[in-house]
S.K.: 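Below you'll find the structure I mean.
So you know, we letter chains A, B, ... as the sequences are listed, proteins then strands, and number each from 1.
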Protein chains: 4
Amino acid sequence: MADRKEEIIQAGIEVFAARGYYNTHIAQIVEKVGIAKGTFYLYFNSKKDLFISLIKRHEKIFLEVFDNYTFDTNNKNLKIFLEEMLLGFFKIYKKHKNLSIIILREAVAVNEEFGDEFKRMEEKRFRRLQDLYKFLIENNYISKDIEFDYFAFAFLGIMESVIMRKLILSEEDFNIEEAADKISDYLNKAIS
Amino acid sequence: MADRKEEIIQAGIEVFAARGYYNTHIAQIVEKVGIAKGTFYLYFNSKKDLFISLIKRHEKIFLEVFDNYTFDTNNKNLKIFLEEMLLGFFKIYKKHKNLSIIILREAVAVNEEFGDEFKRMEEKRFRRLQDLYKFLIENNYISKDIEFDYFAFAFLGIMESVIMRKLILSEEDFNIEEAADKISDYLNKAIS
Amino acid sequence: MADRKEEIIQAGIEVFAARGYYNTHIAQIVEKVGIAKGTFYLYFNSKKDLFISLIKRHEKIFLEVFDNYTFDTNNKNLKIFLEEMLLGFFKIYKKHKNLSIIILREAVAVNEEFGDEFKRMEEKRFRRLQDLYKFLIENNYISKDIEFDYFAFAFLGIMESVIMRKLILSEEDFNIEEAADKISDYLNKAIS
Amino acid sequence: MADRKEEIIQAGIEVFAARGYYNTHIAQIVEKVGIAKGTFYLYFNSKKDLFISLIKRHEKIFLEVFDNYTFDTNNKNLKIFLEEMLLGFFKIYKKHKNLSIIILREAVAVNEEFGDEFKRMEEKRFRRLQDLYKFLIENNYISKDIEFDYFAFAFLGIMESVIMRKLILSEEDFNIEEAADKISDYLNKAIS
DNA sequence: TATGAATGAGACTTCATTCAT
DNA sequence: TATGAATGAAGTCTCATTCAT
């Protein structure tokens, strides 16, 4: 039953998000689903296996933001361009809040165990960002003085900082439209 | 013997940095120091106790950057102001590379166990940043339109993003002067 | 369906022979047959039940060698007598190689669980050997000095040693005629 | 403490001999020694690790029989020669009855897991037997018609058959002098 | 007859912590 | 202060067997 697998994934997302990888135990996940321990292992080979599924799911969701984004120049200035993209990411992060918590948290923490998975994911992200960077350069949106590295660091750094603090650590509601507006404004001023 | 305690802290920094909190075992730390397991518990109540010591040490070091920084306006524009401050942080992070790795990594990962410590630390950081923000506003370095939250997110986000990727994840040497120059330039444009 | 039960037995023989009793899992057997796990339990009460079936099957096959053997004295000396009998056993072991592997291997290994079955089997074997022994004594093929115990040990010991090493552990083809010739020669010299 | 390790080995020998490898659990061994489970793992990495220790111990003991045996021809005929050697083995097997049970039983049963260890051991045994065989040929104790393979099969086969049935499976006391006398007599007649 | 998802007891192993010396 | 052997709770995972369909 594919539903059962999905149930386990959903429970995993909740528990991993609440307690972190190492403080999450299979017992907690199966209790949440309401199944026996053995059942978990019908669908996943190990705790690690489930976790890798979550990484891959996040990767897929995240990259779709780029894929769904049309790189066109009609009536768009850089500010609007960045704003739309940031809004896309914020929506995804908000919709998949728990999954996002897990990835942002463990990507940097459990690298001993999932280093390869996270590295692959980071590389894919950077490749997409590079496409964006090239597009912006070619269409004169940003100056050639801007190095890709720092463009990426600024973009990801501010975005993740906002996500972490506004979405994940904070209890209050996160107004993503406002955030996308403000950050795109700063980024626009910083790099155009 | 205070030296013995310091030896344990140093070994802890190395091992925690290399393997992460949950993959670090007391056995590895005491082996590095060359003492018996029991001896560890003469100086620290638990593994957690040692780790909290490291958080506090980092906090102290980090906040000193603010303390050592003179908030004056002589001949300084915002760009230079930010550049000097960033350079200060980069120097500290580079000097205490392993300790920085630990904090940046686990601050977000192990909150189940150290949530309170990290929250306290974050609050102190924000209070200092707030002082800086007020100073910049009062002296017309930045516009009143800039909200504190986004100022902080941008400043910390870019800085930590660069630290993580240039200092921690990358093998190459990290040219901190160049980084401080570039990032302060972007920030200056973004918020002035 | 008797065929279905036989299919399971055949798959069991293959897998038990290849992996041993404890390393064989029901999952492997049913996969080989191409049936579901539940189906296995329609034909056998347990893994142990299947295994006991195999022991009984081997016992039946083995004892038939004695039954098919005519104890007559026409033109036969002891050497020829023993040679024919050994050849009979070798043929059976070769024909039922996997079953033989299982029995020789586990007879001695899993006695905790199958002790009773194997003991019963050994007793039957010894009763047939005793008939043979009496026949040989009564017809002056062997001296009365030869005790039954040692006759049996020598006969079974050499035979099983050859089976184990030539048939089971070795990859090369096993020339059973040559083996029967040589061993019967030694046995003849040893006990006549 | 080397004594503690030896205690575990002794308990392991008893339990493995009584129950077989797969039916022996660490819990039973540590209970016999009177220690906690964790203590077991201070001395052995795993159940398998302990078992391999036992294989090596047996190998050492067994090969010493050959080493302690002087290959000289003074006043010895083949019968006496073989009798002395068999007696040597029987003494060792009797002295180390439980260890012998384990090895004879599992050598053939658990090859999936300990195949390499047992193969190495069998090779060493055969090398020593080959030395003996050459010595017997060179000193005209046995005819050149006797092939090594069958010499080895007969020697080991009868010996192990006796060991298994008289020493291990039987409850009665095993008169090793009588057994050595009889078997050496048969072997002498068979191969001289 | 046949299925196969589900079960759960119980195995092995880890490692922070203790305590007698 | 210092030791390090010992502890044992608790974790992950296995697999023969069951049972509703």
S.K.: How would you list, by chain and number, every residue that makes a side-chain contact (heavy atoms from CB on, under 4.5 Å) with B:Lys60, sequence neighbours excluded?
M.R.: B:Glu64

S.K.: Just to confirm, is there a sub-4.0 Å distance from OP1 or OP2 of E:dT1 to any side-chain nitrogen or oxygen of C:Thr39?
M.R.: no

S.K.: Could you state the CZ-P distance from D:Phe44 to F:dA5, rounded to the nearest angstrom?
M.R.: 14 Å

S.K.: May I have all residue pairs that pass salt bridge (Lys or Arg N to Asp or Glu O under 4.0 Å) and include part of residues 50-59 of chain C, sequence neighbours excluded?
M.R.: C:Glu6-C:Arg57, C:Glu59-C:Arg120, C:Glu59-C:Lys124

S.K.: For a quick test of reading the model: is some side-chain N or O of D:Tyr43 closer than 4.0 Å to OP1 or OP2 of F:dA5?
M.R.: no

S.K.: Calculate the interatomic distance between C:Arg19 atom CZ and F:dA16 atom P; express it in whole Å.
M.R.: 11 Å

S.K.: With sequence neighbours excluded, give me every salt bridge (Lys or Arg N to Asp or Glu O under 4.0 Å) pair touching residues 29-51 of chain A.
M.R.: A:Glu14-A:Lys32

S.K.: Expressed as a whole number of angstroms, how long is the span from C:Glu31:CD to F:dC15:P?
M.R.: 14 Å

S.K.: Sugar-phosphate means primed atoms, P, OP1 and OP2; the rest is base. With that split, encode nucleotides 16-21 of chain E 5' to 3' as B, S or - using protein heavy atoms under 4.0 Å.
M.R.: SBB---

S.K.: Before you tell me yes or no, could you show the steps for B:Glu7 and B:Tyr43 under side chain to side chain donor-acceptor pair (under 3.5 Å), namely the whole-Å CA-CA distance, both residues' side-chain angles and the distance that decides it to 0.1 Å?
M.R.: CA-CA 11 Å; B:Glu7 280 181 289; B:Tyr43 296 93; over 6 Å; no

S.K.: Working to the nearest 0.5 angstrom, can you tell me the gap between B:Glu160 CD and B:Ile103 CD1?
M.R.: 11.5 Å

S.K.: If the condition is side-chain contact (heavy atoms from CB on, under 4.5 Å), which residues does B:Leu42 pass it with, not counting sequence neighbours?
M.R.: B:Thr39

S.K.: Need to verify one output field. Residue with the more 5' nearest nucleotide on DNA chain F, D:Gly34 or A:Leu42?
M.R.: D:Gly34

S.K.: Under the rule for side-chain contact (heavy atoms from CB on, under 4.5 Å), what residues qualify as partners of C:Phe62, not counting sequence neighbours?
M.R.: C:His58, C:Phe66, C:Phe89, C:Tyr93, C:Arg125, C:Met159

S.K.: Has D:Arg4 got a side-chain N or O lying under 4.0 Å from the OP1 or OP2 atom of F:dA5?
M.R.: no

S.K.: Show me the dot-bracket string of DNA chain E, counting Watson-Crick or G-U pairs under 3.5 Å, with | for pairs to another strand and [ ] for crossing ones.
M.R.: .||||||||||||||||||||

S.K.: What residues, two or more places apart in sequence or in another chain, satisfy ring pair (Phe, Tyr, Trp, His ring centres under 6.0 Å) together with A:Phe40?
M.R.: A:Phe44

